[in-house]
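Here the structure comes first, spelled out in structure tokens, and everything after it is commentary.
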Amino acid sequence: MRIHEDDQYLVMNGDSYFDLDFSALRSFHESKEARATLALAWMKDTGRYGRVDVNELGEITGFREKQIAGKGCINGGVYILTRSVSSIIPPGKCLLSARSFPS
């Protein structure tokens with residue numbers, strides 16, 4: 001997948017591993033004119049991961065801590081970010097999470 005160096009970049013957690021169509025993720029990101037896009041994974045039980053709430057437009061509306069069992073989406077740890085979000089990410093090592101992306 002080609003990402004324009006001057007506009008967008010791909011960020012991945014080191015422990016992320018799931019089947020993902022990167023071209024579709026980029027198309028979704030661009031169609032929404034988003035500043036940040038998170039790849040979500042559908043799970044039968046989100047209890048050990050935490051849950052990401054999404055509305056009918058595919059927009060993230062909230063993050064829930066672990067311990068909420070049931071079907072839903074989790075953060076897959078794969079992000080497309082635009083340079084404009086760099087101001088909310090602390091310098092050096094950081095963990096992208098609900099703190100970085102408040103709903």
Side-chain angles (χ1 to χ4, degrees):
M1 176 175 89
R2 185 171 178 259
I3 293 186
H4 302 286
E5 294 175 7
D6 57 342
D7 294 332
Q8 306 168 359
Y9 51 99
L10 181 69
V11 176
M12 297 176 69
N13 291 356
D15 62 350
S16 297
Y17 183 81
F18 68 103
D19 191 17
L20 176 64
D21 182 340
F22 287 98
S23 294
L25 183 68
R26 179 176 175 219
S27 293
F28 178 83
H29 176 78
E30 291 176 350
S31 73
K32 297 291 184 178
E33 297 181 5
R35 294 187 310 151
T37 298
L38 284 65
L40 304 179
W42 180 258
M43 301 295 291
K44 292 180 183 177
D45 184 3
T46 62
R48 63 181 252 215
Y49 304 101
R51 185 180 296 183
V52 180
D53 295 325
V54 180
N55 68 17
E56 62 278 352
L57 299 175
E59 300 166 336
I60 293 173
T61 58
F63 295 90
R64 299 188 199 191
E65 293 297 322
K66 296 175 182 177
Q67 303 171 348
I68 297 175
K71 298 177 185 176
C73 292
I74 64 166
N75 180 351
V78 177
Y79 312 82
I80 295 179
L81 304 175
T82 58
R83 300 229 180 259
S84 66
V85 301
S86 62
S87 64
I88 65 170
I89 299 172
K93 294 181 182 180
C94 76
L95 177 63
L96 294 178
S97 66
R99 289 186 200 121
S100 302
F101 301 105
S103 53

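What's counted below: heavy atoms across the whole structure, side chains too, no hydrogens, waters or symmetry copies. Positions are given from 1 along the sequence.
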Nearest-0.5 Å distance that lies between atom CZ in R35 and atom CD1 in I80
15.5 Å

For a quick test of reading the model, state the closest non-hydrogen atom pair linking R64 to D53 and the distance between them.
NE-OD2, 2.9 Å

Provide the closest heavy-atom pair for Y49 versus M43 in the form atom of the first, atom of the second, distance.
CE1-CE, 3.4 Å

Report the residues that fulfil side chain to side chain contact (heavy atoms under 4.5 Å, CB included) with A41, sequence neighbours left out, ordered by chain and then residue number.
F18, I74

Quick one: list whatever passes side chain to side chain donor-acceptor pair (under 3.5 Å) with T82, sequence neighbours left out.
S84

May I ask whether L81 and I60 are part of the same hydrophobic cluster, defined by side-chain heavy atoms of I, L, V, M, F, W, Y residues being less than 4.5 angstrom apart, directly or through others?
yes

Would you say V52 ends up clustered with V85 if hydrophobic residues are merged whenever their side chains have heavy atoms under 4.5 Å apart, either directly or through other cluster members?
yes

Nearest heavy-atom pair of N75 and L40: which atoms, and what distance?
CA-CD2, 4.0 Å

For the atom pair CZ (R51) and CD (E65), what is the distance rounded to the nearest 0.5 Å?
13.0 Å

Closest non-hydrogen atom pair, K71 against W42
CB-CZ2, 3.6 Å

Among the clusters formed by ILVMFWY side chains lying less than 4.5 Å apart, do F22 and F28 turn up in the same one?
no

Taking every heavy atom of V54 against every heavy atom of T61, the minimum-distance pair comes out as N-OG1, 3.9 Å

Please name the pair of heavy atoms, one in T37 and one in A34, separated by the smallest distance, quoted to 0.1 Å.
OG1-CB, 3.6 Å

Which distance, rounded to the nearest 0.5 Å, do you find between the CD of E30 and the CD of Q8?
4.5 Å

Any donor-acceptor pair under 3.5 Å from K32 side chain to E59 backbone:
no

